[in-house]
Engineer: 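Input: one structure, supplied below.
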Amino acid sequence: MTRISVQSEPFDVGAEVNRFSEGKDDQVGAVVTFTGVVRNNDVGTLKSMLIEHYPGMTEKALQKIVETAVERWSLSDALVIHRHGDLRPGEVIMMVATTARHRVAAFEAAEYLMDYLKSRAPFWKQEITSDGRSWVDAKDEDEDALKRW
Amino acid sequence: MTRISVQSEPFDVGAEVNRFSEGKDDQVGAVVTFTGVVRNNDVGTLKSMLIEHYPGMTEKALQKIVETAVERWSLSDALVIHRHGDLRPGEVIMMVATTARHRVAAFEAAEYLMDYLKSRAPFWKQEITSDGRSWVDAKDEDEDALKRW
Amino acid sequence: MYVVYFAWVRERIGLPKEKIETQAKTVSELVEELKAREERYALAFSDLSALRVAVDQELSDFDASLDGVSEVAFFPPMTGG
Amino acid sequence: MYVVYFAWVRERIGLPKEKIETQAKTVSELVEELKAREERYALAFSDLSALRVAVDQELSDFDASLDGVSEVAFFPPMTGG
């Protein structure tokens, strides 16, 4: 019932949110979504963000993260969509959505999905600026975020 | 720039999410939404949920909560829509949305908005079941949730 | 001064809003005055810990002054979201 | 066995995937074998703390056995989301 999509095509966040929320049983009380957008750098020189991934492993890693969250927070459903390829500032990179009986579970599960997706799903970002290309370094704070769970 | 709407009319969550996300500056990296849905009771006898509010004070209280969140988490924008009147199981009651540079700020601010909106905005829920009508009691855990902030 | 009631407070008192002439200096004094009026007020205000108060549409408390106030509201703890 | 590389590891080594015949029993032994081959491998594997490894598409570590393994991947810490 959960859905995972790793794709290069853009997607319509609003349409995905509505589709995700439809047809749930009447015990659902809370839906949380997170959308990640390509943010420009502080000096505004980002031309695009190139997202590389490991086809095959990416889907497996995401599936495992989602299954763990569904189990732990008794989610009614969960959704992950993540793009790869060349994205410009302002474009949507990815989204997650969770739904549960209560708000705390839906929020925590969405944060868990994001924390694990950041550091445990095989995606790599390269920034292309007017000065050239550079791989984005993983942040210690993203690795540290996993300790919460 | 923030928007607050207290209304009896239904609204389209997906359309609101897309409208909220559009036209942001390119420093926005994260959008979080929460949607609250009328959940049936455990025995499935809920006919509808009647939401009463305090016109005038509701908007002021929400405005204050939103301003505090925008300031504290340096949000780029925030949105609150809350319905009143008679709602059936499965109908959307309310939504909040936040947008910020980073995910932690967007998540925390959305949770703050929800926690304060639950216990500090003048809304009251009455459940109408096949057995009659009863006012929903405030939960200690909702009051306790405010201590986090 | 207007006094307004919501949720079960409104139901127990039997009306949503009323205009009151009072010399009460604080919310507490106003509550005592109302309780002395009629049984339905005494019942609605029997357990103040179950009530919340707003003064001129701002959450407040029972110690609050009524000086210059135009609207006082009584209601149970809120259950939004 | 296939060895695959991503992000700057792929760039330093200069190819995304290669087939390797090896007697290495662990990922570490494979790394030593590769480093001995050519400068570009030695460079890519010079700081293992900056690398992650997946064995048959599961995150793993440098101690992992290669027994029955068909694909090993090397890449920097992930930066999704």
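This structure is a prediction, so every number in the text was calculated from the model and none was measured. Both backbone and side-chain heavy atoms feed into the values below; hydrogens, waters and symmetry mates do not. Naming convention: chains lettered A, B, ... in sequence-line order (proteins, then strands); numbering from 1 in each chain.
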Engineer: Answer yes or no: are there more than 12 heavy-atom neighbours, outside A:E71 itself, under 6.0 Å from its atom CD?
Structural biologist: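 Counting other residues, nucleotides and ligands, CD of A:E71 stays at 12 neighbours or fewer.
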
Engineer: Just how far is it from atom CD1 of A:I81 to atom CD of A:Q7, taken to the nearest 0.5 Å?
Structural biologist: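 If I round to the nearest 0.5 Å, the distance is 6.0 Å.
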
Engineer: I'd like to know which of B:P89, B:G44, B:A110 tops the heavy-atom pair count under 4.5 Å against chain A.
Structural biologist: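 If we count pairs closer than 4.5 Å to chain A, B:A110 comes out on top.
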
Engineer: Of all of A:R19, A:E111, A:M95, A:E16, which one pairs up most often with chain B through heavy atoms under 4.5 Å apart?
Structural biologist: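 Greatest number of close heavy-atom pairs with chain B: A:E111.
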
Engineer: Examine whether an atom of B:K118 lies under 4.5 Å from a heavy atom of chain A, and if so say whether it belongs to the side chain, the backbone or both; otherwise answer neither.
Structural biologist: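 It is the side chain, since no backbone atom gets that close.
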
Engineer: So which part of B:D115 gets closer than 4.5 Å to some heavy atom of chain A, the side chain, the backbone, both or neither?
Structural biologist: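 Both backbone and side chain.
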
Engineer: Under a 4.5 Å cutoff for heavy-atom pairs, which residue among B:V17, B:V31, B:V38 has the most contacts with chain A?
Structural biologist: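 So the answer, after comparing B:V17, B:V31, B:V38, is B:V31.
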
Engineer: When you compare the side chains of A:S8 and A:H84, does any donor N or O come within less than 3.5 Å of an acceptor on the partner?
Structural biologist: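 Not at all, the side chains of A:S8 and A:H84 share no donor-acceptor pair under 3.5 Å.
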
Engineer: Could you go through B:L117 and B:V80, starting from their C-alpha distance and side-chain angles, then the distance that decides it, and tell me whether this counts as side-chain contact (heavy atoms from CB on, under 4.5 Å)?
Structural biologist: CA-CA 9 Å; B:L117 188 154; B:V80 175; 3.8 Å; yes

Engineer: Between B:E59 and B:Q63, is any side-chain donor less than 3.5 angstrom from a side-chain acceptor?
Structural biologist: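 Per modelled atom types, B:E59 and B:Q63 side chains form no pair under 3.5 Å.
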
Engineer: Can you tell me which portion of B:A145 sits under 4.5 Å from chain A's heavy atoms? Options are side chain, backbone, both or neither.
Structural biologist: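 B:A145 touches chain A through side-chain heavy atoms alone.
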
